[in-house]
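See structure below.
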Amino acid sequence: MHIKIKEREIEMINEALKEIQRGTAEVIDEERIEKLLKAYFEEGKTYTVKAGFDPTAPDLHLGHTVLLQKLAIFQKYGARVQFLIGSFTATIGDPTGKNITRKVLSKEDIVKNISSYTTQAFKILDESKTDIVYNDDWLGKMSAADMITLASNLTVARMLERDDFSKRFKSNTPIATSEFMYPLLQGYDSVYLKSDVEIGGTDQKFNLLMGRQLQKAYDIKKQQAVLMMPILEGLDGVQKMSKSLGNYIGVSDAPNDMFGKVLSISDDLMWRYYELLSNKSLDEIAVLQQGVQDQTLHPKKVKEDLAFEITARFHSADAAQNAKTEFEKVHAKSQIPTDIAEFSVNETVWICKALVDCAIEPSTSQARRDIKQGGVKIDQIKISDDKLQLTTGEYLLQVGKRKFAKLKVN
RNA sequence: GGUGGGAUAGUCAAGUGGCCAACGACGGCAGACUGUAAAUCUGCUCCCUAUGGGUUCAGAGGUUCGACUCCUCUUCCCACCA
């Protein structure tokens, strides 16, 4: 009897471990994670998992949710999440980038960003098992002496080992001295929070390990396990998903956009997204993959299912269904979308100007070019005259396949 | 602190007195094609009611009929030396 319970426990722990390991790029100190899980299953002991977020932009995208979903898994198995907001680092500004020093955010901006951040995050995380912490609560109080003590834990040679520093150093890209402080500060967060596990992207490896090193140096009697998630590629399938590259799917994107963006990824990239973003089990995904290979399943159908799942997660099943119908209407059958922005003017307008005013062209020069190339339609009919004047009436303006506007001329 | 090198469009990167709104690559946009907003191929890619005009090559001056190109100063970056 007793042995049976033991067996059941081991099974559960293994199951949990498997789920935790899914999609990870690297796990350091797996044993520790196993021990934490064991303590949870046997004694109901909870533990802490830390993840840091930078509040510089108010929008989360799917790249962030890879981490969030992993955190949610941990919550399922007894973890309290330390949702760390890098409020200190944001206020001093990160000098990464060339000549432009990043704008220093005001306290109000940060607070504003964070509230939108957390509402988005709680679409995935369990709020009751999450502690939101701000690192300026402790980093802000450190003295110069504390900082120097902290800095003495790291040699310049070691710092230069860090991949992006060494790359930048070799390619003569500037590195500000303050940037050297970042890994230390992030590592110190783990000391202060006494984190049991920290998760982050593979690009964070150095910083994550710094947490381990500093926890040892400050002798807090534990060293965090580190779990690294791969960086999610953006829509282009090459570069990492980021807002500045414009290849992202935002958590708060409209359902139609979200659905369409997922469908626009390549068939290869789709599997990556499945692994990192879908709630389907790896076995289920393998079945889909096999199906596509045998040609018993159409890749478009598989991709649509993924688009549906993701859209439904951040909106609702209904919204996802609508997005799907809409997409088919607009793209497969090339009909016009349901919702189109409407504009009106009070006098005859020149077509190029009208397109700019309706925000579907950036400049009249661009509008002329698109007209010349046959990219502009009025009421579904291609036009070729870039001098056309729109007189009284209602028009459906279209640029390319995706940009629509209704214009009423009075 | 000294010496030398550099800053060009969204990014990277050519251009070293007129042929420069500025090669090329990437990105972006449009067209064709397609299961897709994928892939591929083609065209376009500073602004302006345009066979013309305006504003650009870190910033400010100067030389010249004419400057991204030459000179001076300023700002920022890099390397070597200290």
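Here is the naming used below: chain letters follow the sequence lines, and residue numbers restart at 1 for every chain.
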Rounding to 0.5 Å, atoms CD (A/Q373) and NZ (A/K382) come to a distance of 11.0 Å
Say you pick atom [atom1] in [N] and the same atom in [M]; how far apart are they, in whole Å?
N     : M     : atom1 : result
B/A58 : B/U16 : P     : 15 Å
B/C71 : B/U64 : C1'   : 12 Å
B/C68 : B/U51 : C1'   : 28 Å
B/A21 : B/A67 : P     : 12 Å

Applying ring pair (Phe, Tyr, Trp, His ring centres under 6.0 Å), which residue pairs with at least one partner in residues 202-226 of chain A are found, sequence neighbours left out? A/Y188-A/Y218
Is the backbone of A/K406 close enough, under 3.5 Å, to the side chain of A/E342 for a donor and an acceptor to pair up by distance?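 Judged by distance alone, no pair lies under 3.5 Å.
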Could you go through nucleotides 20-26 of chain B and list every protein N or O atom that sits under 3.5 Å from one of its N or O atoms, giving the distance for each pair?
none

Using Watson-Crick or G-U wobble geometry with both distances under 3.5 Å, which nucleotide pairs with [N]?
N     : answer
B/G61 : B/C71
B/A50 : none
B/C41 : B/G31
B/G24 : B/C12
B/U3  : B/A79

Got more than 12 heavy atoms from elsewhere within 6.0 Å of CD, A/E26?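 Count over threshold, so yes.
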A/K38 NZ: over 12 foreign heavy atoms closer than 6.0 Å: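 No.
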Do the rings of A/F53 and A/Y117 sit parallel, tilted or perpendicular, given the 30° and 60° boundaries?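 Aromatic pair A/F53/A/Y117 classed perpendicular.
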Mind checking whether A/F122 and A/F83 have parallel, tilted or perpendicular rings, split at 30° and 60°? tilted
If I take atom [atom1] in residue [X] and atom [atom2] in nucleotide [N], what distance separates them, rounded to the nearest angstrom?
X      : N     : atom1 : atom2 : result
A/K403 : B/G28 : NZ    : P     : 13 Å
A/I360 : B/A30 : CD1   : P     : 11 Å
A/D370 : B/G43 : CG    : C1'   : 11 Å
A/K324 : B/A37 : NZ    : P     : 16 Å
A/D268 : B/A39 : CG    : C1'   : 11 Å

Residue among A/D131, A/D126, A/D196 satisfying salt bridge (Lys or Arg N to Asp or Glu O under 4.0 Å) with A/R80: A/D131
Please identify each residue that fulfils salt bridge (charged side-chain N to carboxylate O under 4.0 Å, His left out) with A/D386, with sequence neighbours left out.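 Applying salt bridge (charged side-chain N to carboxylate O under 4.0 Å, His left out) to A/D386 gives A/R368.
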How would you list, by chain and number, every residue that makes a salt bridge (charged side-chain N to carboxylate O under 4.0 Å, His left out) with A/D357, sequence neighbours excluded?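 A/D357 satisfies salt bridge (charged side-chain N to carboxylate O under 4.0 Å, His left out) with A/K353 once adjacent residues are dropped.
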Summary of protein contacts for nucleotides 45-52 of chain B, nucleotide by nucleotide, where a base hit scores B, a sugar-phosphate-only hit scores S (4.0 Å, heavy atoms): S-SBBB--
May I ask you to decide whether A/R22 forms a salt bridge with A/E19, counting only side-chain N to carboxylate O separations under 4.0 Å?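 Salt bridge between A/R22 and A/E19, a charged N being under 4.0 Å from a carboxylate O: no.
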Does the cation-pi check pass for A/K141 over A/F88, that is, NZ or CZ under 6.0 Å from the six-membered ring centre and within 45° of its axis? no
Would the base of B/G31 count as contacting A/Q373 through its side chain, where contact means a donor and an acceptor less than 3.5 Å apart? no
Show each protein N/O and nucleotides 33-36 of chain B N/O combination with a separation under 3.5 Å, one pair to a line.
unit_1: B/C33; atom_1: N4; unit_2: A/K401; atom_2: NZ; d: 3.1
unit_1: B/G35; atom_1: O2'; unit_2: A/K300; atom_2: NZ; d: 3.1
unit_1: B/G35; atom_1: N1; unit_2: A/D267; atom_2: OD2; d: 3.3
unit_1: B/G35; atom_1: N2; unit_2: A/D267; atom_2: OD1; d: 3.4
unit_1: B/U36; atom_1: O2; unit_2: A/L263; atom_2: O; d: 2.3
unit_1: B/U36; atom_1: N3; unit_2: A/K303; atom_2: NZ; d: 3.2

Anti versus syn assignment for B/A50, with syn defined as within 90° of 0: syn
Taking OP1 and OP2 of B/A32, is either one under 4.0 Å from a side-chain nitrogen or oxygen of A/K382? yes
